[in-house]
There are 2 protein chains.
Amino acid sequence: MRKKTDLIEGIIDDIRRIFQALTEQSRRVGYETNLTGPQLWVVKLLKETSPMKVSDLARRMYLHPATMVGLLDRLEVKGLLKRTRSEDDRRVVYINLTEQGRELEVNSPEVVQNLLAKGLEGLAGQELSVISESLGQIVHLLGVQDVPPQLIMTAKIKVPKTKELL
Amino acid sequence: MRKKTDLIEGIIDDIRRIFQALTEQSRRVGYETNLTGPQLWVVKLLKETSPMKVSDLARRMYLHPATMVGLLDRLEVKGLLKRTRSEDDRRVVYINLTEQGRELEVNSPEVVQNLLAKGLEGLAGQELSVISESLGQIVHLLGVQDVPPQLIMTAKIKVPKTKELL
DNA sequence: ATAAATAATTTGGTATACAAACTATTTATA
DNA sequence: TATAAATAGTTTGTATACCAAATTATTTAT
């Protein structure tokens with residue numbers, strides 16, 4: 001049997017790897033869609049539910065409304081979404097994807113969640129239970145049982161293009 | 001027994017929670033040290049090994065040298081580190097922590113790794129094996145077995161200070 | 001002696017992020 | 001009903017992180 005310290009080291013390495021996969025994915029976005037992480041996140045959210053108010057989006061992404069406006073500006077310039085002022089309450093602005101936005105969403109890289117979900121479906125229920133248990137313990141150790149799970153997406157991570165860094 | 005789809009959902013939620021705990025930690029940094037994530041990362045690296053060349057630091061953090069210079073500038077202004085041009089090779093600049101920098105490092109929040117390590121030490125070897133197995137499977141699913149584990153730290157994440165967002 | 005490579009920096013640009021102030025609009029209240 | 005308070009979105013100003021390309025100084029290779 002492996003030594004306890006080795007096991008712990010391995011576990012932490014694996015968590016780092018998972019973390020990296022998540023951020024890695026967000027880098028790939030840049031290459032494949034010319035959007036940054038947060039930008040694609042907006043598009044993905046709008047695909048799920050739309051229209052959405054500016055404030056809804058800000059809340060969902062845990063961002064300041066001012067930051068949201070900037071994000072929306074850039075996406076609007078790219079022609080991926082459309083602002084529409086509400087008739088009922090003229091303070092409200094609804095955000096919708098344009099046809100171009102929907103198109104981009106479809107062709108954008110799989111979000112990590114889906115990748116995982118598909119992989120997990122291939123496992124037996126028994127195995128899933130074990131994995132579930134294990135993760136539960138880690139979550140417990142980190143003391144985040146009660147944290148509402150958010151969408152996975154890092155703020156901004158770019159890939160270094162210069163060879164020297166690879 | 002729980003349904004397979006429920007298990008999968010739970011697993012993904014847990015991964016999100018872990019991810020969040022990691023980024024959450026990097027947010028806390030801001031409050032407790034007045035440094036950003038990358039800035040503390042530099043300090044932590046220098047605590048581990050110093051002096052380090054600018055290029056070493058850039059490589060370790062997967063950043064462009066120019067980005068590194070900016071980071072170092074800000075930390076130097078804060079009086080946390082000192083640049084010293086090498087005598088041997090006058091192109092090289094060595095970075096050292098100042099006394100103030102070492103002091104800050106000691107009082108800075110535990111890096112997640114340590115938090116986890118301590119928690120895991122409390123578990124039985126048997127349990128650790130199970131957890132190790134489980135994570136291995138996830139890593140495998142994500143196809144990142146061969147990725148070298150990096151230090152955990154996100155690029156830049158700030159905490160929203162306005163109540164409306166909490 | 002000169003060309004090529006290397007280390008760090010400067011310059012110029014973009015995106016994310018927040019706070020504070022501002023505009024327009026709606027709701028509450030006196 | 002007039003006015004105060006709240007709300008939604010925006011603008012403005014500032015900071016950080018990030019990169020690419022050009023620059024300077026220095027070292028190594030030819």
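Letters A, B, ... mirror the listed sequences (proteins, then strands); counts begin at 1.
- For the pair B/Leu120 and B/Leu128, the tightest heavy-atom approach, listed with the atom from each and the gap, is O-CD2, 3.8 Å.
- The main-chain N or O of B/Val93 is never found under 3.5 Å from a side-chain atom of B/Ser86 such that the two would form a donor-acceptor pair.
- Counting heavy atoms from C-beta on, the side chains of A/Ile95 and A/Arg83 come closer than 4.5 Å.
- Rounded to a whole Å, the CE atom of B/Met52 is 15 Å from the C1' atom of C/dA7.
- Close to C/dA8, at under 4.0 Å from its OP1 or OP2, lies a side-chain N or O of B/Ser55.
- A heavy atom closer than 4.0 Å to some atom of DNA chain C occurs in A/Ala66, A/Thr67, A/Leu71, A/Arg74, these being the qualifying members of residues 66-76 of chain A.
- Salt-bridge check for B/Glu105 with B/Arg102: failed, with every basic side-chain N at 4.0 Å or more from each acidic carboxylate O.
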Given protein heavy atoms under 4.0 Å, the one-letter contact record of nucleotides 24-30 of chain D, with B base, S sugar-phosphate only and - none, is simply -BBS---
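- C/dA15 atom P lies 16 Å from atom CG of A/Leu63, rounded to whole Å.
- Among the candidates B/Leu45, B/Leu40, B/Leu46, the single residue satisfying the side chain to side chain contact (heavy atoms under 4.5 Å, CB included) test with B/Val42 is B/Leu46.
- Residues A/Thr67 and A/Met61 are not in side-chain contact: their nearest non-hydrogen atoms beyond the backbone lie 4.5 Å or more apart.
- Side-chain contact between B/Pro65 and B/Val54 is absent, with no heavy atoms from C-beta onward closer than 4.5 Å.
- Note: CH2 (B/Trp41) to C1' (D/dC18) measures 14 Å, nearest angstrom.
- When the C1' atom of C/dT9 is taken as reference, atom NE2 of B/His64 falls 11 Å away, rounded to whole Å.
- Of the nucleotides present, C/dA1 is the one that pairs with D/dT30 by Watson-Crick or G-U wobble criteria, both distances under 3.5 Å.
- Rounded to an integer number of Å, the gap from A/Lys53 NZ to C/dA24 P is 21 Å.
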message: Go through it in stages, so that I can follow the logic: the residues are A/Gln137 and B/Leu123, the test is side chain to side chain contact (heavy atoms under 4.5 Å, CB included), and I'd like the CA-CA distance, side-chain angles, deciding distance and then a yes or no.
response: CA-CA 10 Å; A/Gln137 277 183 291; B/Leu123 300 181; 4.0 Å; yes
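- Rounded to whole Å, the distance from CG on A/Asp56 to C1' on D/dG9 is 13 Å.
- Going from atom CG of B/Leu35 over to atom C1' of D/dT16 covers 12 Å, rounded to whole Å.
- A/Lys78 places none of its side-chain heavy atoms less than 4.5 Å from the side chain of A/Leu104.
- Taking atom CZ of residue B/Arg59 and atom C1' of nucleotide C/dT6, one finds them 11 Å apart after rounding to whole Å.
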